[in-house]
Novice: 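Sharing a structure here in structure tokens format.
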Amino acid sequence: VNVLFFGQIRETLEVDKINIDTPPKTVKALRLLLSQKNDQWRNVLNDKDILVAVNHTLCDDDMLIGKDDEVAFFPPVTGG
Amino acid sequence: LINKNINISIKVQSEDFNQHLEYQTLRERDVSQGAIVTFTGLVRDNNLGKTVTGLFLEHYPGMTEVSLQQIAAHAVENWQLGGVSIVHRVGLLGINDQIVFVGVSAPHRQAAFTACHFIMDYLKTQAPFWKKEFTDNSSSWVKARQSDTDAAQKWQE
């Protein structure tokens with residue numbers, strides 16, 4: 001699974017994309033896995049305001065993910 | 001499917017846009033329409049009491065276009081429209097630069113006004129864009145506003 005980061009999250013984590021060969025089954029599990037990296041990651045990924053999209057569609061923590069999916073974490077949007 | 005011939009145009013680009021050309025395209029595309037409402041968003045020189053010198057607009061290539069397309073399609077499903085055109089810029093922008101254009105044509109003004117308003121309210125809270133704001137000596141990511149969330153929420157009532 002490709003995991004993308006945007007905006008302030010991308011800047012804080014200092015990474016825009018990572019690849020996980022054998023991803024966990026859900027967004028929630030992916031969050032937990034990534035949170036284990038360090039305090040910085042845990043703080044960012046546990047932020048309640050953070051949005052998640054799987055294959056370009058906003059979704060919640062229960063969303064199932066597969067090997068070929070694209071998951072993105074980003075802050076609330078501020079375009080327009 | 002009364003709306004199958006509706007023309008939806010979505011552009012995400014770093015280049016500036018010509019508001020008049022966008023309007024003319026909407027106008028000439030469908031001569032059965034009697035109203036066009038357009039909105040243009042600009043970079044202000046201030047925000048929350050600070051002097052702003054410019055903006056950086058980040059987006060999520062792929063998802064941003066899909067999201068704008070869905071918002072336009074949603075408008076087309078809800079109001080009788082002729083065409084929808086959305087242009088949103090990304091990258092570095094200066095003071096007074098154009099950020100976003102929304103143009104809607106419809107047989108009558110009410111649907112055009114309402115759909116244009118709806119598209120902007122949804123774009124603000126749904127489309128994956130992020131603004132970073134520059135001041136003379138610092139930069140910071142713009143925080144989402146509750147008033148924008150409230151405005152989008154109203155359409156669901």
Side-chain angles (χ1 to χ4, degrees), chain A residues 1-20 23 26-28 30-31 34 38-80, chain B residues 10 12 39-44 47-48 55-71 86-91 93 98-102 116-133 139-149 151-152:
Chain A
V1 64
N2 278 322
V3 187
L4 313 183
F5 306 95
F6 292 97
Q8 188 159 22
I9 290 177
R10 172 182 57 72
E11 240 179 37
T12 305
L13 299 179
E14 297 178 316
V15 64
D16 58 359
K17 184 178 181 177
I18 58 171
N19 185 269
I20 300 173
T26 63
V27 166
K28 188 177 187 175
L30 177 63
R31 248 189 226 253
L34 296 174
N38 59 40
D39 283 356
Q40 187 92 288
W41 283 71
R42 192 169 62 242
N43 288 338
V44 167
L45 291 161
N46 288 335
D47 184 341
K48 281 189 176 57
D49 290 334
I50 194 175
L51 298 172
V52 188
V54 173
N55 299 330
H56 298 164
T57 303
L58 286 172
C59 63
D60 60 27
D61 261 5
D62 298 328
M63 185 72 183
L64 295 170
I65 50 178
K67 196 165 69 70
D68 300 323
D69 287 338
E70 179 173 291
V71 182
F73 291 98
F74 47 80
V77 303
T78 54
Chain B
I10 305 293
V12 179
F39 171 85
T40 309
L42 309 172
V43 180
R44 278 179 295 142
N47 189 28
L48 303 169
L55 285 183
F56 171 71
L57 257 152
E58 182 169 334
H59 78 301
Y60 179 175
M63 181 172 172
T64 302
E65 293 81 355
V66 168
S67 171
L68 294 176
Q69 182 76 33
Q70 285 169 346
I71 293 166
I86 303 176
V87 186
H88 202 299
R89 293 180 66 198
V90 293
L93 298 178
Q98 304 187 110
I99 304 173
V100 59
F101 172 88
V102 175
C116 190
H117 191 179
F118 166 85
I119 289 169
M120 271 313 299
D121 282 354
Y122 260 61
L123 184 154
K124 280 275 194 186
T125 55
Q126 304 288 312
F129 292 102
W130 302 274
K131 283 194 190 106
K132 191 174 195 179
E133 203 168 70
S139 65
S140 58
W141 291 94
V142 174
K143 297 255 181 290
R145 289 170 186 252
Q146 186 59 41
S147 58
D148 288 334
T149 307

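Computed from a predicted structure; not experimentally measured. The sequence lines fix the lettering, A, B, ..., with proteins before strands; numbering per chain opens at 1.
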Novice: B:Lys132 versus chain A, heavy atoms under 4.5 Å apart: side chain, backbone, both or neither?
Specialist: side chain

Novice: If you take all heavy atoms of A:Leu58 and B:Met63, which pair is closest and at what distance?
Specialist: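 Residues A:Leu58 and B:Met63, closest heavy atoms: CG-CE, 4.0 Å.
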
Novice: Considering only heavy atoms and a distance below 4.5 Å, find which of B:Leu55, B:Thr149, B:Val142 pairs most often with chain A.
Specialist: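 Of B:Leu55, B:Thr149, B:Val142, B:Val142 has the most heavy-atom pairs under 4.5 Å with chain A.
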
Novice: Would you please classify the geometry between the A:Phe6 ring and the B:Trp130 ring as parallel, tilted or perpendicular, with 30° and 60° separating the classes?
Specialist: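 The rings of B:Trp130 and A:Phe6 lie parallel, inter-plane angle below 30°.
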
Novice: Flag yes if more than 12 heavy atoms outside A:Glu14 fall under 6.0 Å of its CD atom; otherwise flag no.
Specialist: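 Open: at most 12 neighbouring heavy atoms sit under 6.0 Å from CD of A:Glu14.
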
Novice: Nearest heavy-atom pair of B:Val66 and A:His56: which atoms, and what distance?
Specialist: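 In this case the closest contact between B:Val66 and A:His56 is CG2-ND1, 4.4 Å.
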
Novice: Do side-chain atoms of B:Lys131 reach the backbone of A:Gly80 as a donor and acceptor pair under 3.5 angstrom?
Specialist: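 Answer holds: yes.
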
Novice: Could you look at B:Gln70 and say if it's the side chain, the backbone, both or neither that has a heavy atom under 4.5 Å from chain A?
Specialist: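 Neither; nothing under 4.5 Å.
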
Novice: Can you find a heavy atom in the side chain of B:Tyr60 that is under 4.5 Å from one in the side chain of A:Glu70?
Specialist: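 Contact flag for B:Tyr60/A:Glu70 side chains = yes.
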
Novice: Between A:Gln8 and B:Glu58, is a side chain to side chain contact (heavy atoms under 4.5 Å, CB included) present by the stated rule, with each step listed?
Specialist: CA-CA 10 Å; A:Gln8 188 159 22; B:Glu58 182 169 334; over 6 Å; no

Novice: Checking A:Leu51 against chain B: side chain, backbone, both or neither under 4.5 Å from a heavy atom?
Specialist: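 Neither part; nothing is under 4.5 Å.
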
Novice: Of all heavy-atom pairs between B:Gln126 and A:Val77, which one has the smallest distance, and what is that distance?
Specialist: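 Closest approach of B:Gln126 to A:Val77, heavy atoms only: N-CG2, 3.7 Å.
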
Novice: Name all residues meeting the side chain to side chain donor-acceptor pair (under 3.5 Å) criterion together with A:Asp61; count only those two or more places apart in sequence or in a different chain, and write none if there are none.
Specialist: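 Listed in chain order: A:Arg31.
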
Novice: Applying side chain to side chain donor-acceptor pair (under 3.5 Å) as the test, list every pair that has at least one member in residues 43-55 of chain A; sequence neighbours left out.
Specialist: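 For residues 43-55 of chain A, and leaving out neighbouring residues, the side chain to side chain donor-acceptor pair (under 3.5 Å) pairs sorted by first residue read A:Asn55-A:Asp69.
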
Novice: Check each atom of B:Trp141 against the heavy atoms of chain A and say whether the ones under 4.5 Å are side chain, backbone, both or neither.
Specialist: side chain

